[in-house]
Amino acid sequence: MRWLLRKDLLILGRSRLLLALLIVYPVAIALLIGLAISRSPSRPRVAIVDETPPGETVKVGDQRVLVSQYARQLFDKVQAVDVPTRAQAVAKVDSGEVLAAVVIPPDIAARVASDTEAAQLEVLYNGNALEQSLVQSTLDSALAQANLGFSAQIQQAAGSVIGSLLSGGNLGSIGAPENLIGLTQIPPTLAGVIARQPPGRDRTQLERIDAFAGFAAQNLSLARRVLSIIGQPIRVNSMLLHGRRTPLNTFAVVVAVSLSLMLVCVLLAAGGVALEREEHALSRLLRGLVTRETLLVEKTLLAAGCAFVIAFAMLAGISAFVALDWGRVGQWLAALALGAIAFGALGVAIGALAREVRAASLLAFLLSLPLAFLALVPAGSVSGGFYDAIAAISFAFPFKAALQALDAAVNGASPSIGLALVHLAVLSAVFGALARVGLRSVE
Amino acid sequence: MSAVLRVSALGKRYGELDALRDVSFHADAGELIAVVGPNGAGKTTLLSIIVGIQTPSTGTVDAAPDGVSAAARRHVGRRVGWAPQAPALYSKLSVAENLELFARLEGVADPRAAVARMLEQTGLAARASEPVGRLSGGNRQRVNVALGLIGDPPVLALDEPSASLDPSQRERLWEFVGARVAAGTTVVFSTHNVSEAQRYADRVLVLAEGRLLFDGAPQALLAQGGEPAGGDLERALVLFLDARTPASSAAEGAP
């Protein structure tokens, strides 16, 4: 086998363009995908036009918030570009300098204070559908956060007023009487007065007032709790059942490395087997000099070895930018090795069946890219039956298993690496057997 | 003289098609045997079975000398050198690298010495380090034949060895093959070029529709076809086949 390996390495070394394509292309693609996933434009540039008078405040209960300060908090999810006028904002949106503009109208404080009219922001969009969707969802999210913040402050103010009504004290509003008696203080105060009243019409009236005050105090207390529920009716309490949550950027690394491992390995293995046929050397080799099994193992190991080195170098290189746990390097190596062997087995099966290098390369690409795409389709994003079909396809090919193994190795994600490695080993045997069948006919 | 190749009752079926039917012959050391016949006669199938690429449906091929164990007899591939019609070479490797690779795979005791010897015999020593992909068709075919001989097998099978060569390249190739035959190697080659068989072969095997119709010297085939000694073997072959396969001749002649 070593002479075959030596021969293939010599041929690979002399096919410089092919070598460069096989290495540079998947690495470039993988890095681009990794960057695209991990560094998506989460803070789009948005022009902010604050038309409120300088120093304008919004009064919520007894608290006052500066509109400009509130705008900063409101738009911390975007890359805000301050623009003095609406016209200039429109020009920036038109030119594509910013993806959208948000205009805060001069009467926003008055509208918030009016308690009868909802305050309104004006949003101007441009760009293609994807950019619009991105900026719209970002702004919707920011506005939802802002409304939630307002709601919390209104709750707090309303709660403070209700507290004063219940317990007594000062409301803080202009014109309101000072040192009010609280509703909860009325029944004990009235009890003494009622006890001193003789039975009659006045006493009956006082007893009715006492009963009302007690009832009102109970219900206002309930209203305070209801207010807090209305402010945020559903709270999310999330819990991860198995494994560790994978940060998006390290998952992107795993996707990029798995994709690179697959492309290098499948292309090299498929091309290697197909080249033997194309050079008419298969008949010379397989008539007693080399067994079919040896040939397939040699091609698989060559492709897997090259892909393993490239993928490990990628992980090592990326670890300079993204924090990866080098303490798990043993698991990285196991996942990369088994993944490479499974992809190699898939590649030799393609090469044995395709019979010529160009057809094998084309088939390898046409098969690999959809497999990667399908393996990344999340559950629930498509109908149940369709997802089951996708899951079955992904289960029958090595990409998803390799991705799971590498995710478990790099991020400690579930399912466990052991299951994924066993899955890869089984797939290696299945595709190896398929390749053996493909090589049954020599010519 | 003892036989170095024995083909006995060989048959090969592809589904309903009988590619070979009950073919038997033997070859002695140092014989040069041409296998001729029309397209689809079974020439390439016969050679593929002899060199071990295909397994026969019936019959046996024995390329081991008398007294060799049954286990050793199974390694037909190592006893019969093989040069397929399309040169089976790695075009990115040099002439010497191709030869050395197959010398090592054949288990040759001293691969480097075998390579040097073969380079000298083929006359390609000056181009030893040149990638095979850059060689002319004639030189590629010489390397192809040299690869078949690198393990120094007693029998060499050549499938249409001169099909894509010009006359001078053909001449050089047959000089090389002739030298090997003179040294005791038995060569079995298939060809459509009957004059080549007449000129170089000691024996001619005529195959048609998978059957071996003739096994003898070219002069005997001339006589069977009604041609005088020194006459046209191609014409004799056509007449011979017309006489024995009237159905196929009529079909080929039909408009």
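Given the structure is predicted, the values throughout are model-derived calculations rather than measurements.
Counting heavy atoms from C-beta outward, A:His280 and B:Pro87 have side chains that stay 4.5 Å or more apart. For the pair B:Ile53 and A:Leu286, the minimum side-chain heavy-atom distance is 4.5 Å or more. Residues B:Asn144 and A:Arg284 have side chains in contact (heavy-atom distance under 4.5 Å, counting atoms from C-beta outward).
The residues B:Glu97 and A:Arg14 are annotated as salt-bridged, a charged nitrogen and a carboxylate oxygen being separated by less than 4.0 angstrom.
Here the CZ-CG distance, from B:Arg104 to A:Leu4, works out to 13.0 Å after rounding to the nearest 0.5 Å. Distance check, rounded to the nearest 0.5 Å: OG of A:Ser283 to CD of B:Gln54 gives 10.5 Å. How far CZ of A:Arg6 is from CD of B:Glu100: 5.5 Å, rounded to the nearest 0.5 Å.
No more than 12 heavy-atom neighbours from other residues, nucleotides or ligands sit within 6.0 angstrom of CZ on A:Arg358. Residue-environment remark: CZ (B:Arg211) stays at or below the threshold of 12 foreign heavy atoms within 6.0 Å.
Between the side chain of A:Glu279 and the backbone N or O of B:Ser91, at least one donor-acceptor pair lies under 3.5 Å.
Nearest heavy atom pair, residue A:Arg287 against residue B:Val51, reads NH1-O, 3.1 Å. What you find for A:Leu285 and B:Tyr90 is that their closest heavy atoms are CD1-OH, 3.3 Å. A:Trp3 and B:Leu101 make their closest contact through O-CD1, 3.5 Å (heavy atoms, listed as atom of the first residue, atom of the second, distance).
For B:Leu93, the parts sitting under 4.5 Å from any heavy atom of chain A are the backbone and the side chain alike.
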